[in-house]
Each structure stands twice: as structure tokens, then as C-alpha cells.
Amino acid sequence: MISIIIPAEKNENYIDRALESVMEQTYADFEALILHSDTDALKRAVGQKFIEDARFRFIETPKDITAGAARNIGLEAVAGEYVYFLDSDDYISSDALQMLIENMNGHPVVRGRMRRTELDSSEIESAAEQRRTTIFHRNRYNLVRNHSALHFLIKKDLIDRLDLEFAEAEQTYSDLMFVIPMLEAVEVVPFVYEALYFRRRRNDPITHPSLRQMPIEQRMHDMFAIYNRLKQSRLSFEAETLLDTLLLNFYREHLIVKFKNKDEIDVHFEGLQETIRKVNPSVLKTKDKVLQLDVRTIQSRSRRTFKRLSRVRDVIRDAKRGFTTRNGRKEFIYKYSYMKKPLMDDLVIFESFQGKSYSDSPKYIYQHMLKSRSGYNHVWVLNKKQKLPGDPVTVKRFSLKYYYYIARAKYIVSNVRMPNSYIKREGQKYLQTWHGTPLKRLAGDMDDVHMPGTNAAKYKKNFSKETDKWDYLIAPNAYSSAIFKRAFWFTNTMLETGYPRNDILMTDDNPVIIQDIKEKIGIPLDKKVILYAPTWRDDEYYKVGKYKFSMQLDLERLKEKFGDEYIILLRMHYVVASKMDLTGLEGFAYDVSKYDDVSELYLASDMLITDYSSVFFDYANLRRPVLFFTYDIEKYREQLRGFYIDMETELPGPLLMTNDAVVDAIENIGEIEEKYRERYDAFYDRFCSWDDGRASEKVVEAVFEE
Ligand code: C2G
């Protein structure tokens, strides 16, 4: 019988798939030992069939133990002659166990093949192979370069004879304590191509990290502890090569970055020196020259000497980048020159939508500062030349001047993320206004990420590095405040003031100002105005940051039907790069995508059509009708983002799937207003009641001294 050991703590989401794959095994003589600190709760979470099948045994463990400790408890309880480890967020092919056992050929240990798979996958890719098995001899340590005990089938006698155990005190690398002595004791390991193990890629390094995503501090501690313990016994050269290489790679991948902060060298040098002195010189000789020099310095020189070397290294590395990356030269000057100059206490730098416009909350905060705070100087990040009230300095995003000011301004005000190259200085204050009440899932709440050039884990890591830098964040309503705290991992000052960008919806909602805006846009004054403002689609793009949008609204038909009474403003999201062809629609459809301030467009319009854009939360302040043209809602909801509110029951207007429905709704807009009045009121209370026309004032008061 094969005993399958499955630690299941904190992985309740995927365990059914794991157990399913066990239940489907063609080799049926197994027991599954499922380890959890609250087996009753776990039993309620898994499928009934696993509870009814006696081969599945649920074993209660103490709370808060490591996965290694849980596996050891499992090892105590096994009844089979073979042991196999499966993680509860992974799964295996249905013939995995059979393939493994059939190919053992008298050896005590056999291994199958690992595949990486996406978080939401349940697929089994077929594994038809030329060869069925291969034999690993001296190269058998290559099988544990991932330092994992998964997917080995092991004879229980071997475990007993060698007294194999997982490390219990360490979260990471604990399998090495088990697999290294195991591989030392056997000469060969058959490897079975057709036995497949699917390892799910984890997507939330911040609140639910996989072991590989644990904080470096923890991993370093564990790596040193395990390395030192294993090095106490005599090891074969192959085992030493594996361990030394793991240690040296760890140094290269993580510690060099960590040691950019020289205080970290003070904290960790001693432990590192003691550990790295044990590296076998013959192994070190096979590594690149730069690494060798580093390691030799750590082994034989003082902390001070190493620190000096490390500083020189940093400069060389940054200078090299300066010649090879687009903004490298500027970043070099930013870091080594501008950052060394003192902060300017009276300087504020504003940015809205990456310098694309003079708009949104930063604009209104700025305008209020002009009126109420005379002691400050201002810089605006603006990519196109433009004259602004108050005559501030303007700089292009990523220009040398931009770097100069982000290094020196005491205050940063932005409504989107700053670039990764921005380094927050001691004493700097960063006010993040954000740019909308969330409807689509945000950052930490996203399961998968479908944007180009990234994946969920990367995206969240970068995002949390950014949100760590925020001192203040504006919440437009209580609902957003709660979501922001969680999804942005935000613990600093939440300004629960409503949105500065919505102030004008209260203060400027009058016919004279509205007429001015219409004249500025250049539209007829005698027609009613429809504003169409959809959002962007994560998975439709030309390249990073440039998204596609294909117009599904039948503009010709709308013109024909409503052209006498209405005009339509087409407002694409600022990341959309598709050009619109409006030939034949002159005098009816106007492209206002480049118009700076969408709040003014709200004022100028009589009704809004949108989809999943946050624009309607702001627009509802005007209490004018809103229609939702949601032709791709299924895809958007299921695949791309998921929503925080129930689109069917909580929106202040109807969901329309077709152009027929849109035409019909515009025709009967009065009836729709009637029908949705109650919902609209409830929606307004929930999302708009903090907006009282004074948000800018409140924010300025909280952040800037008189
Ligand atoms: N916007 C705009 N025109 C559009 C769409 C959006 O001017 N056609 C502006 C609005 O100010 C809107 C903001 O950009 O509130 C954010 O746009 P969303 O469509 O909501 O999308 P996104 O940029 O993904 O931000 O918490 C909010 C979310 O992060 C949404």
C-alpha cells in the first residue's frame, strides 16, 4: 500500500482537486493522510465522497506548525510500505502512482516529472513520451534542485532505517533535511517521464505566500540553519555541490539586492560569514569570477572591507544599467546626485494619470492649495506643453527634470502608481489620491492577472512595494475605505473625505458654467448630450500600457435615431490607444478622449453610458441617468476581474447587452429613471454621501500646513 501524506493547512481552496486526483488513481491500494489543525472544519469544506471513502484519513495536528512538522506527524501514522508526498494545492495524473511503483525495479526511491501549472488550472496535459524512464546516478541531486521531497515514491523501510525527518523549526528548505540523506543512501533513482505532478503557481505573495514567496529574512534564516546542520555530516561531493550552489545562488539572487541597504550588512554579516566559510573551494571555483571575489571577501575579510567592496559594486552595476536601459542614465543621476541634495520642504509635485492630463483629484487639490496655501511651490508632471493656472513648473514624466523633482519635493501627490524606480526618501510625504471607487477587483484581491508582461505574483509584489510608500490615501466612501485597506495592504492615514475631483459636481452644477464647458469642448448648445465612457479590457492590448478598444456601440444607428435631439461624447479610458474613425458621424459623435477633465464632461452631459468603469460612482453625484452597456459582462466577470458589487441588483441603471436594448433605453429614458429611482437613492447614499463639495479643502488641511 502507498501512504500519501498531504498537509492541508491554509490550502482549503484547492484541496478538492488534489483529493480528486488521488481518488482517480488507477493504482487503488493507497491511503491518504490529510493533515490539518481543525479536521472538522476541513471535513465540512471537502467533498462528501472523500469522507465516506475510508482510504482518506483526516489527522488533526497542533495549530501553527510548519508543513515539515505536519509531514512528520503523517510519517508517524503511515500504514503502507511506500510513502508519497502531495501538496494540497497540487494534483497528479491518474496513473502517476501506478507508473511510479511499476518502474521502481527493486530500487527504494523513484521520482516522476513535475510540471508547473497556472493557479486556476485543473488540466492534465498528455504526457506521451519517447522514453518511459531514465536512470539518475551521480546526477541524482539534480532531481532536488527545487529542494523538494514532492513526487518521490519512497520505500518506508528506507525512511525508517535512515530515520528520515523533515526540519520542523524552519518554514522553507525543510525538505532538504529529508531528501539529502535519502539521496546519499541510494545509488540510483529511476525517473518516470509519464508520472506527472502538477504544481500550481501561487499568486499572492503578500498575504498568502507560497514557501518560495516567503520574506527573504525568513528564507535566509532557514537556509543558513539547514545548510549548517547538513554540513555537519560528511557529504558526497555531489551533495555538497547541490547545497553550496543553493547557498551561493541565494546570495546572488537575494542578498546582493538586500545589501544595497548597507545597514543590512551590519545585521547579517556574521551569520553569512560563518555559513559561507563552509563552501567547498572546489565548488566555488566553478562559479563566475565576480561571485568568487565576493565570497572570498566575505570568507576572509572584515565586515568593513566587505561593505566597501559592496558599495563599489553598486555603483558599477547602476552605471552599467545606465548604459543599457532606456532611463538608466537618468536613474543613475537621480540616485547618485539628486537624491543626495536636501529635500525642499515647500515643494509639491503633482501628477495625474501618468502625466497624461491636468485632471482628477490632484488638479482640485492643487487648485485649492493655490487659494489657501501661499507658502508652497508647485511642479506638475505633464507630457504635453500646457499653460496652467498658477504657472507651475511643468516637467515631462521620465525627463531628467522629473527625476530631479521627485528626488527633491517633500510632497508627492499622484492618482496612480509612481514608477518602480521612484525611491521614497526619508521625510518625503506621499499623498495617493487613487482614481475611482473600485468595482473591478483591485491588486491584492485579484486572483489572476491578465495584463501583458506580468503575472499575479509579480503584479502584487510590485503593487505592495508601491503602497508601502503611501502616507495618505483618499477614500471616496466607506465601501472604498474598507476595500483599499485590504486590497492595498494599507495601514497609514486614510483620508475619509470623499473625492476632490467631485467637488465641482456640487459647486459648478449650474447652466452658465455648463454652457462654458460646452463651448470649450466645441459642441452645439441646443442639443442634449450623451456621454459614453467605457473602461479598458485587461486582455486586449497592442503592447504594455497600450490597450485596444473596439467600438461595439452602433453609432450610425444612434445618429439616425437620435441625431436631431442628442449628440454623443465618446470618452475612451486613458490607457486605450485605438483610434476612432468618425467619418459620417460629424456633428453627432465627438471624440473627447483627449479632453483633460472628465468631471467637466459629466457636468456637460445629460446621461451617461458606461460599462465597468468607476465613472458611474462619481457621475451619480449628479443624479442623472446612467445606462450600462455590458455586452461582454460574462467574460469580464468570470475571466478578467470579478466585481465587488452585484451588477444585477445594485447598480443605479439597467444592464444592456445589445444595441437594440440601448436604443430602447434612450428612447424611454424617463421611464427608466422612474423605475430605478429607489435603487438610485440607495446607491447614492452608499457611494456618494461623503462628497459634499469640500473634499479638496479637507485633504489640503490634513496634509499641508498653513
Ligand atoms: N476615466 C475616464 N474616461 C473613461 C474611463 C475612465 O476619464 N472612459 C477616468 C475616470 O476618472 C475614472 C478613472 O479614469 O474614474 C478610472 O477608470 P476606470 O475605468 O474605473 O478603470 P481603472 O483605471 O482600471 O481604475 O479603484 C478604481 C479602479 O482601479 C479603476
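Note that ligands are numbered from 1 as they come in the structure, with each ligand's atoms numbered from 1 the same way. Count residues from 1 along the sequence.
Both tests pass for R623 against the ring of Y684: distance under 6.0 Å to the centre and angle within 45° of the axis. By the 6.0 Å and 45° rule, R501 stacks over the aromatic ring of Y499.
Annotation: G436 places an N or O atom under 3.5 Å from an N or O atom of ligand 1; distance criterion only. Note: an N/O pair closer than 3.5 Å links P534 and ligand 1 by distance alone. Looking at Y602 next to ligand 1, no N or O pair under 3.5 Å apart turns up.
Heavy atoms of L442 found under 4.0 angstrom from ligand 1 belong exclusively to the side chain. Contacts between M572 and ligand 1, counted as non-hydrogen atom pairs separated by less than 4.0 Å, involve the backbone only. Neither the backbone nor the side chain of T610 has any atom closer than 4.0 Å to an atom of ligand 1 (non-hydrogen atoms only).
Near T535, the atoms of ligand 1 lying under 4.0 angstrom from a non-hydrogen atom of the residue are 18 (P), 19 (O), 21 (O). Atoms of ligand 1 lying under 4.0 Å from at least one heavy atom of S614, given by number and element, are 12 (C), 15 (O), 16 (C), 17 (O), 18 (P), 19 (O), 20 (O). In summary, the atoms of ligand 1 found under 4.0 Å from a heavy atom of V598, numbered by their order in the structure, are 7 (O), 11 (O). Those atoms of ligand 1 with a heavy atom of P438 less than 4.0 angstrom away are 26 (O). Each of the atoms 8 (N) of ligand 1 lies under 4.0 Å from some heavy atom of A533. If you number the atoms of ligand 1 from 1 as listed, the ones under 4.0 Å from a heavy atom of D360 come out as 11 (O). For ligand 1 and H435, the ligand atoms under 4.0 Å from any heavy atom of the residue are 12 (C), 13 (C), 15 (O), 16 (C), 23 (O), 25 (O), 29 (O).
Using bins of under 30°, 30° to 60° and over 60° for the plane-to-plane angle, the ring pair F484/W434 lands in the perpendicular bin.
Compare Y619, Y532, W536 by their heavy atoms: the one nearest to atom 22 (P) of ligand 1 is in W536.
To the nearest 0.5 Å, atoms OG (S359) and OH (Y595) are separated by 11.5 Å.
Not less than 6.0 angstrom separates the ring centroid of Y338 from the ring centroid of Y403. Side-chain rings of F683 and F617 approach one another, their centers coming within less than 6.0 Å. For F488 and F463, the distance between ring centers is under 6.0 angstrom.
Contact between F617 and ligand 1 is absent, with no heavy atom of the residue lying under 4.0 Å from the ligand. In this structure, Y612 falls outside the shell of residues with a heavy atom less than 4.0 angstrom from ligand 1.
Residues N477 and T437 bring a donor and an acceptor atom of their side chains to less than 3.5 Å of each other.
With Y602 contributing its side chain and L531 its backbone, the two residues share no donor-acceptor pair below 3.5 Å. Listed for the Y366 side chain is no donor-acceptor partner under 3.5 Å among the backbone atoms of V413.
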